[in-house]
Amino acid sequence: MKKTIYFLFLITLLSCSNSDDAPVLGCTDPNSINYNPDATEDNNSCQYSIIGEWLITKYTLGSTNVAASYSRMYMEIFNDNSILFDNTLLDGSRLIYTGQYTVGGTNNSRLNITNEFGDTTIYDVIEITSNSIKLYSSDVLGEEANIEAIKI
């Protein structure tokens, strides 16, 4: 009888899987669009939306700090693929223009912006989080451009 109980205990013990202890890989950031509430270990797969209001904190064109000429630089990216830029110069005058955008490339890493005049600029999304974005273009008016913005 003791052997039978021991044998049943051993079988039960061996049949228990350690899968409950295995980490669940996924995105652990609740601010991402692909948040996995069951994930116990982040696997760097989090994806973030560009939709929203962005305050541009840095804009360089070649070696020129374009942002230094503005008191405020703002862009709003909408669900309908439209984009609005509303920038205020240091003298208080405003430059407002609109356009359309598309997202593409590997892992949605490319942002194509076509302004209201039909000019298209291609930006690489260098980094995006729930509250910040960094963009790079190799050709804005023949120069390299870097933009950094925070979500507001």
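The first residue in the sequence is number 1, and the count goes up from there. None of the values given here were measured: they were computed from a predicted structure.
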Backbone of [Y] reached by a side-chain donor or acceptor of [X] within 3.5 Å:
X      : Y      : answer
Thr114 : Gly99  : no
Asp42  : Leu25  : no
Thr60  : Ser63  : no
Thr57  : Glu148 : yes
Thr129 : Asn131 : yes
Asn34  : Cys27  : no
Asn108 : Val103 : no

Subject >> side chain to side chain contact (heavy atoms under 4.5 Å, CB included), paired with Tyr136, selected from Asn146, Val125, Ile122 >> reply: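 That would be Asn146; it is the only one of Asn146, Val125, Ile122 passing the side chain to side chain contact (heavy atoms under 4.5 Å, CB included) with Tyr136.
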Original post:
Testing Met75, Arg72, Glu76 for side chain to side chain contact (heavy atoms under 4.5 Å, CB included) with Asp86, which one passes?
Top reply: Arg72
Subject >> Residue list, side chain to side chain donor-acceptor pair (under 3.5 Å) with Gln47, at least two apart or on another chain >> reply: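 Checked Gln47 against side chain to side chain donor-acceptor pair (under 3.5 Å); matches are Asn107.
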Original post:
side chain to side chain donor-acceptor pair (under 3.5 Å) with Asp80: which residues, sequence neighbours excluded?
Top reply: Ser82
Original post:
Out of curiosity, does Phe78 fall in the hydrophobic cluster containing Ile133 (side-chain heavy atoms, cut-off under 4.5 Å, transitive links)?
Top reply: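 No.
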**OP:** Walk me through it: do Ile147 and Trp54 pass the test side-chain contact (heavy atoms from CB on, under 4.5 Å)?
**Re:** CA-CA 11 Å; Ile147 297 174; Trp54 298 90; over 6 Å; no
**OP:** Looking only at non-hydrogen atoms, find the nearest pair between Ile126 and Leu135 and report the distance.
**Re:** CG1-C, 4.3 Å
Original post:
For Asp119, what residues pass the salt bridge (charged side-chain N to carboxylate O under 4.0 Å, His left out) criterion, not counting sequence neighbours?
Top reply: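 Not a single residue meets the salt bridge (charged side-chain N to carboxylate O under 4.0 Å, His left out) criterion with Asp119.
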Original post:
Distance from Asn112 atom CG to Gln100 atom CD, nearest 0.5 Å?
Top reply: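 If we round to the nearest 0.5 Å, Asn112:CG and Gln100:CD are 12.5 Å apart.
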Original post:
Would Leu95 and Tyr70 satisfy side-chain contact (heavy atoms from CB on, under 4.5 Å), going step by step from the backbone distance to the final call?
Top reply: CA-CA 10 Å; Leu95 299 173; Tyr70 293 85; 3.5 Å; yes
